[in-house]
Amino acid sequence: MERIGFVGLGIMGRPMVKNLLAAGYDVCVWNRSRPGIDECVAAGAREAAGPAAVAAACDVFISMVTDSPDVEAVITGPGGAIEGLAAGALVIDMSTISPAVTRDIAARLADQGVAMLDAPVSGGDAGAIAGTLSIMIGGAAADVDRARPVFEVMGKTITHVGPIGAGQSVKLCNQVAIAGCLEGVCEALTLAQKSGVDPARMLDAISAGAAGSWQMSNLGPRIIDRDFAPGFMVRLLQKDLRLALGAAQDVEQPLPVAGLVHQFLHQIEAAGRGGDGTQALARVLESLGGTEVRRGSTGD
């Protein structure tokens, strides 16, 4: 089994590391803050002093951080993985970042004889814990085949979507679809509330039909129970939508609904609630309509 290096031990990275350890992999880790390191070391991981040291101790280096500048810093910046990787190593970036930045990093790694895959994920913290993430992969087929046993520990749906950068493009498509679907769920809930219909019964009536979706089944009940704890934070969806809108601008493709949701979520961030779950989008629709969605309610 190949030695794994893992940098980025947040809400997603920690359970991903634990699943790799449970599968018998030797995992070396680093994170910018101690809690993630301590939790993973307690589960059996080894700690290194930084990304370069992690890279020197592994065959496959995985990054799971927040944004494009973070990935650049971890992989190609001073003290980054590029300083420790040996020729023949494989880098897998599982963050959600710019496709263009991904291609630039891959080109720099290739100059050192190091291959790269971009493999962003969908499924949230629940999928990371259960090892059922959807993984969308860009890169060479031979590298995907090499990494497949590692992916199979962390995910259930593993799809090679194209060359390097394609994984990030598909992930941005995923986020655009999520944003539009969540907007529809929030609009339906507020319409039910203002129409004198119990939103919980509305969800029961339509979730199993053509209107059903992951957002409706999982986030709809949280909204009507006023549970805005994050599975995926508003500020992270905002980052992804900024990337999607930028990519859309590059290819001259309008994304009107994604743009609208992006603006709506600015209101949540302006209220200091960027750490709330994305279901907090409902608060904006409630504000616009002068209502509050509540389980068991049949009107205002």
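One is the number of the first residue; the rest follow in order along the sequence.
- With a 4.5 Å cut-off on side-chain heavy atoms, Ile224 and Leu203 count as touching.
- The line from CG of Leu117 to CZ of Phe151 is 5.0 Å long, rounded to the nearest 0.5 Å.
- Taken from CD in Glu72 to CG in Asp67, the straight-line distance is 9.5 Å, to the nearest 0.5 Å.
- To the nearest 0.5 angstrom, Met216 atom CE is 7.0 Å from Cys181 atom SG.
- Within the 4.5 Å cutoff, the side chain of Leu219 has no heavy atoms near those of the Val185 side chain.
- In this structure, the side chain of Gln279 engages the main chain of Asp227 through a donor-acceptor pair within 3.5 Å.
- Ile4 has its side chain out of reach of Cys58: every pair of non-hydrogen atoms, C-beta onward, lies at least 4.5 Å apart.
- Side-chain contact check for Thr190 versus Lys194: every heavy-atom pair is 4.5 Å or farther apart.
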Any chance you could lay out the side chain to side chain contact (heavy atoms under 4.5 Å, CB included) test for Val29 and Val17, step after step, and finish with the verdict?
CA-CA 9 Å; Val29 300; Val17 166; 4.2 Å; yes
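- Of all non-hydrogen atoms in Val153 and Tyr25, the two that sit nearest each other are CG2-CE1, 3.9 Å.
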Taking it one step at a time, do Gln168 and Asp93 satisfy side chain to side chain contact (heavy atoms under 4.5 Å, CB included)?
CA-CA 10 Å; Gln168 296 296 349; Asp93 178 40; 3.8 Å; yes
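- Here the closest non-hydrogen pair linking Cys40 and Leu21 is O-CD1, 4.0 Å.
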Audit row: Lys171, Thr96, side chain to side chain donor-acceptor pair (under 3.5 Å) steps and yes/no
CA-CA 7 Å; Lys171 176 58 185 290; Thr96 299; 2.7 Å; yes
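- Under a cut-off of 6.0 angstrom, the local environment of CZ in Arg201 is sparse, with at most 12 non-hydrogen atoms contributed by other residues, nucleotides or ligands.
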Before you tell me yes or no, could you show the steps for Asp225 and Arg295 under salt bridge (charged side-chain N to carboxylate O under 4.0 Å, His left out), namely the whole-Å CA-CA distance, both residues' side-chain angles and the distance that decides it to 0.1 Å?
CA-CA 6 Å; Asp225 288 334; Arg295 181 182 294 277; 2.7 Å; yes
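- If you chain together hydrophobic residues whose side chains sit under 4.5 Å apart, Ile135 and Met64 fall into the same group.
- One hydrophobic cluster, built from ILVMFWY side chains closer than 4.5 Å, holds both Leu285 and Leu241.
- For Arg103, the CZ atom is densely surrounded, since the number of other residues' heavy atoms within 6.0 Å is greater than 12.
- The CD atom of Glu286 sits 7.0 Å away from atom CZ of Arg283, with the distance rounded to the nearest 0.5 Å.
- Between the side chain of Asp276 and the backbone N or O of Val234, no donor-acceptor pair lies under 3.5 Å.
- Looking only at side-chain heavy atoms (C-beta outward), Glu47 and Arg34 come within less than 4.5 Å of each other.
- Hydrophobic clustering (ILVMFWY, side-chain heavy atoms < 4.5 Å, transitive): Leu237 and Val176 are in distinct clusters.
- Put simply, the side chain of Asp198 gets close to the backbone of Gly296: a donor and an acceptor are under 3.5 Å apart.
- With hydrogens and angles disregarded, a donor-acceptor distance shorter than 3.5 Å links the side chain of His160 to the backbone of Gly162.
- Smallest separation of non-hydrogen atoms from Phe6 and Val27: CB-CG1, 4.2 Å.
- Leu236 and Phe228 fall into different hydrophobic clusters, where Ile, Leu, Val, Met, Phe, Trp and Tyr are joined by side-chain heavy atoms under 4.5 Å apart, directly or via other members.
- The heavy-atom pair separating Ile129 from Asn19 by the smallest distance is O-ND2, 3.5 Å.
- Between Leu288 and Phe264 the shortest side-chain heavy-atom distance falls below 4.5 Å.
- Across every non-hydrogen atom of Asp118 and Gly139, the tightest pair is OD1-N, 4.3 Å.
- A donor-acceptor contact shorter than 3.5 Å links the side chain of Asp59 to the backbone of Arg3.
- The number of heavy-atom neighbours closer than 6.0 Å to CD of Glu152, taken from other residues, nucleotides and ligands shown, is above 12.
- Without hydrogens or angle criteria, Asp240 side chain to Gln175 main chain gives no donor-acceptor distance under 3.5 Å.
- In this structure, Ile62 and Met154 have side chains that are in contact, with non-hydrogen atoms separated by less than 4.5 Å.
- No continuous path of ILVMFWY side-chain contacts below 4.5 Å connects Met116 to Met136, so the two sit in separate hydrophobic clusters.
- With Ser217 contributing its side chain and Trp214 its backbone, the two residues share no donor-acceptor pair below 3.5 Å.
- In this structure, Ser95 contributes its side chain and Val65 its backbone to a donor-acceptor pair below 3.5 Å.
- Contact annotation: the side chain of Ser169 approaches that of Pro99 to within less than 4.5 Å [non-hydrogen atoms, C-beta and beyond].
- The CZ atom of Arg242 sits 10.5 Å away from atom OG of Ser68, with the distance rounded to the nearest 0.5 Å.
- The distance from the CD1 atom of Ile82 to the CD1 atom of Ile75 is 9.0 Å, given to the nearest 0.5 Å.
- Judged purely by atom type and a 3.5 angstrom limit, Gln193 has no side-chain atom pairing as donor or acceptor with the backbone of Pro199.
- The heavy-atom pair separating Ala282 from Ile223 by the smallest distance is CB-CG2, 3.6 Å.
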Test side chain to side chain contact (heavy atoms under 4.5 Å, CB included) on Val74 and Phe61; report intermediate values, then the result.
CA-CA 11 Å; Val74 161; Phe61 179 93; 3.9 Å; yes
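- Panel note: side chain Lys156, backbone Gly131; no donor-acceptor pair is recorded below 3.5 Å.
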Begin from the C-alpha positions of Met16 and Leu133 and carry the test side chain to side chain contact (heavy atoms under 4.5 Å, CB included) through to its verdict.
CA-CA 10 Å; Met16 293 164 75; Leu133 293 168; 4.2 Å; yes
